[in-house]
Amino acid sequence: MPVMRTVDLIAKKRDGGELTRAEIEYLIQGYTDGTIPDYQMSALAMAIYFRGMTPQERADLTMAMVASGDRIDLSAIAGVKVDKHSTGGVGDTTTLVLAPLVASVGVPVAKMSGRGLGHTGGTVDKLESIPGFHVEIDNDEFLELVNRNGLAVVGQSGDLTPADKKLYALRDVTATVESIPLIASSIMSKKIASGADAIVLDVKTGDGAFMKEMQETRELAACMVDIGNRVGRRTIAIISDMSQPLGYAIGNALEVKEAIQTLKGEGPADLYELSLTLGSHMVVLAGKARSETEARGLLEASVKSGQALQKLKVFLAAQGGDASVVDYPDLLPTAAFRMEVPAREEGYVSGIAAERIGTAAMMLGAGRTTKDSEIDLAVGIVLHKKIGDRVAAGESLATIHTNREYADDVINSLYDSFAISSQPVEPPPLIYGVVGG
């Protein structure tokens, strides 16, 4: 068999050729162990950026990255393990609602989550705003908690997909992040290495999303669904709106409080609806219902009966958390100051710049600008209006929760984030469609 040379494989992809599984494995293994240098992998990433990849190449790249590191074995957990992944956004609190909700109807949730880098913290940061809660549990305890309670969340540990970590860092500095095959294989490699049997993807579109345009959003969703199904994981994607923040709260403890309200049936309509939609697909993939309608009925009944809320309490207590925050949310971290942002004119909210709102929350300390940044778990922003809502002059558009005595920069940023129209405005759809399934 002829010896492979990296330069020949770069040229092959540059000229529009299709790389074989063996060639992709050679490239990923060589880059992971350091025998292929950054400059050659940069050239390959740029060739992929311009030439794309076939469906089989994308699947082979995903599995080569999975094979580069550890894999989580969830076979000791009874039942079908369904994972949910969101492509991110502003105020995206669905995991905090979904995990206890679907666990309450018998779907095991074995969730590996990380800390956030961006507008607010990740799921782990949000959960750690609950006094005593911790994710530092070993693998045996993690599996035992899921089997006993149906739900556990552990921090990302071990060495999952080291090839993806190296390649992502390289793409970040070589203008090749916006490549759909590379984005899709990056996301799916982590989900597959985490041990899921089936995967539900929440692919965001709009101002606050990674993908701003619908065409590229649909392309990414289809690409990820194809990869999952091609490598033996039942996968579907929901395309959901991120032209405005999801829910009303942006900030760690504030989002936990909103998740609790949602599990009580008292939360924002959009957060509740998206959680039911994603949860219904998870329940069907887990084999606990035959249709989305049946699954939705189970989830709605669990909220109404208090079963979902009880599951949240059991989950928090099992990982050292003070479960009384569910009944007394004021026990969560609270900011020293609250500042209102009154509307300067009357009319209808015609636009909310989600990304700018997220940046404003990060300015308060709700998110990280670098991996080493300290997060202030108490701070953030609570919106009072959504697109389509009527607003009177002087009525509050948002409340800022801050530990700073002055926040004029954030107030000005929020004014810039709201557009007011004199004419009524239709709110955007929440769900744009389902890919796969």
Given the rule in the salt bridge (charged side-chain N to carboxylate O under 4.0 Å, His left out) test, do R296 and E273 qualify, once you have shown the distances and angles that lead to the verdict? CA-CA 10 Å; R296 188 184 181 96; E273 177 58 34; 2.6 Å; yes
All salt bridge (charged side-chain N to carboxylate O under 4.0 Å, His left out) counterparts of E23, not counting sequence neighbours: K12
Is a side-chain N or O of D207 found less than 3.5 angstrom from the main chain of A354, in a donor-acceptor match? yes
For the residue pair F210 and T87, what are the closest heavy atoms and their distance? CB-O, 4.4 Å
Drop me the distance from L271's CG to L276's CG, to the nearest 0.5 angstrom. 9.5 Å
Least distance between heavy atoms, M188 atom then M224 atom: CE-O, 3.6 Å
Picking from H85, K84, K126, what satisfies side chain to side chain donor-acceptor pair (under 3.5 Å) with T95? K84
Applying the side chain to side chain contact (heavy atoms under 4.5 Å, CB included) test to D376, which of L364, N403, N252 qualifies? N403
Under the criterion salt bridge (charged side-chain N to carboxylate O under 4.0 Å, His left out), which of R233, K191, K81 is the partner of D197? K81
Atom CD of Q29: over 12 foreign heavy atoms under 6.0 Å: no
How about I420 and S350: do any of their side-chain heavy atoms sit closer than 4.5 Å? no
If only atom types and distance count, is the side chain of T402 paired as donor or acceptor with the main-chain N or O of F337 below 3.5 Å? no
Ion pair check, E178 and R171, cut-off under 4.0 Å: no
Closest non-hydrogen contact found for Y31 with L167 is CE2-N, 3.8 Å
For the pair K204 (side chain) and D92 (backbone), establish whether a donor and an acceptor sit closer than 3.5 Å, ignoring hydrogens and angles. no
Does the ring of Y248 carry K386 above it, NZ/CZ under 6.0 angstrom from centre and within 45° of its axis? yes
Rounded distance [0.5 Å steps], CD in Q319 versus CD in E128: 10.5 Å
With no hydrogens and no angle check, just 3.5 Å: does a side-chain donor-acceptor pair link D389 and Y348? no
Indicate yes or no for a side-chain donor-acceptor contact from E219 to the backbone of E216 under 3.5 Å, with no hydrogens or angles considered. no
Could you measure the distance from the CE atom of M41 to the CG atom of L170? Nearest 0.5 Å is fine. 8.0 Å
First locate atom CG of L263, then atom CG of L312, and finally report the distance between them rounded to the nearest 0.5 Å. 6.0 Å
Tell me whether E141 at atom CD has more than 12 heavy atoms from other residues, nucleotides or ligands lying less than 6.0 Å away. yes
Which is it for T205 and T217 under the side-chain hydrogen bond (donor to acceptor under 3.5 Å, both in side chains) test, yes or no, and what are the steps along the way? CA-CA 6 Å; T205 191; T217 305; 2.8 Å; yes
Please lay out, stage by stage, how K212 and E355 fare under the test salt bridge (charged side-chain N to carboxylate O under 4.0 Å, His left out). CA-CA 11 Å; K212 313 286 186 195; E355 191 165 8; 2.8 Å; yes
Quick one: which of K111, R234, K190 gives a salt bridge (charged side-chain N to carboxylate O under 4.0 Å, His left out) with D83? K111
Criterion salt bridge (charged side-chain N to carboxylate O under 4.0 Å, His left out) on E144 and R148, from CA distance to verdict: CA-CA 6 Å; E144 193 271 326; R148 181 175 10 127; 2.9 Å; yes
If you compare all heavy atoms of G52 against all heavy atoms of E57, which two are closest, and at what distance to 0.1 Å? O-OE1, 4.4 Å
Please enumerate all residues that pass salt bridge (charged side-chain N to carboxylate O under 4.0 Å, His left out) together with D33, with sequence neighbours excluded. none
Is any side-chain heavy atom of R51 closer than 4.5 Å to a side-chain heavy atom of I48? no
Under 3.5 Å donor-acceptor, S302 side chain and L298 backbone: no
Atom of D73, atom of L143 and distance for their closest heavy-atom approach: O-CD2, 4.1 Å
Check: A259 main-chain N/O paired with T93 side-chain donor or acceptor under 3.5 Å: no
Determine, step by step, whether V109 and V102 satisfy the side chain to side chain contact (heavy atoms under 4.5 Å, CB included) criterion, reporting the C-alpha distance in whole Å, the side-chain angles of both residues, the deciding distance to 0.1 Å, and the verdict. CA-CA 8 Å; V109 178; V102 300; 3.4 Å; yes
Show your working on side-chain hydrogen bond (donor to acceptor under 3.5 Å, both in side chains) between S240 and D202 and close with a plain yes or no. CA-CA 7 Å; S240 68; D202 178 13; 2.6 Å; yes
Rounded to the nearest 0.5 Å, how far does CD1 of I24 lie from CG of D60? 5.0 Å
Would you give the length of the straight line joining atom CD1 of I72 to atom CZ of F142, rounded to the nearest 0.5 angstrom? 8.0 Å
Looking at A222, is its backbone amide N or carbonyl O close enough to the side chain of D226 to form a donor-acceptor pair, meaning the two atoms are under 3.5 Å apart? no
Just to verify, what does D416 make a side chain to side chain contact (heavy atoms under 4.5 Å, CB included) with, not counting sequence neighbours? R356
Sub-3.5 Å donor-acceptor pair from the side chain of D159 to the main-chain atoms of D70, do we have one? no
Does G122 offer a backbone N or O that forms a donor-acceptor pair with the side chain of D125 under 3.5 Å? yes
Do the non-hydrogen side-chain atoms of L383 and P245 ever get within less than 4.5 Å of each other? yes
May I have the step-by-step check of side chain to side chain contact (heavy atoms under 4.5 Å, CB included) for R230 and R58, ending in yes or no? CA-CA 10 Å; R230 202 172 276 266; R58 297 186 304 232; over 6 Å; no
Test your reading of the model: is there a side-chain donor-acceptor pair from Q244 to the backbone of I352, 3.5 Å cut-off? no
Shortest non-hydrogen contact between V200 and M282, atoms and distance: CG2-CG, 3.6 Å
Check against side-chain hydrogen bond (donor to acceptor under 3.5 Å, both in side chains), T293 and S291: CA-CA 5 Å; T293 304; S291 68; 4.6 Å; no
Return yes when atom NZ of K288 has more than 12 non-hydrogen atoms of other residues, nucleotides or ligands closer than 6.0 Å, and no otherwise. no
After noting the C-alpha distance and the side-chain angles of L27 and L44, does the key distance pass the side chain to side chain contact (heavy atoms under 4.5 Å, CB included) rule? CA-CA 9 Å; L27 289 163; L44 180 70; 3.8 Å; yes
Stepwise ring pair (Phe, Tyr, Trp, His ring centres under 6.0 Å) check, F133 with F315: CA-CA 10 Å; F133 188 91; F315 157 59; 5.4 Å; yes
Give the C-alpha distance, both sets of side-chain angles, the deciding distance and a yes or no for side-chain hydrogen bond (donor to acceptor under 3.5 Å, both in side chains) between D164 and S189. CA-CA 8 Å; D164 175 58; S189 66; 4.5 Å; no
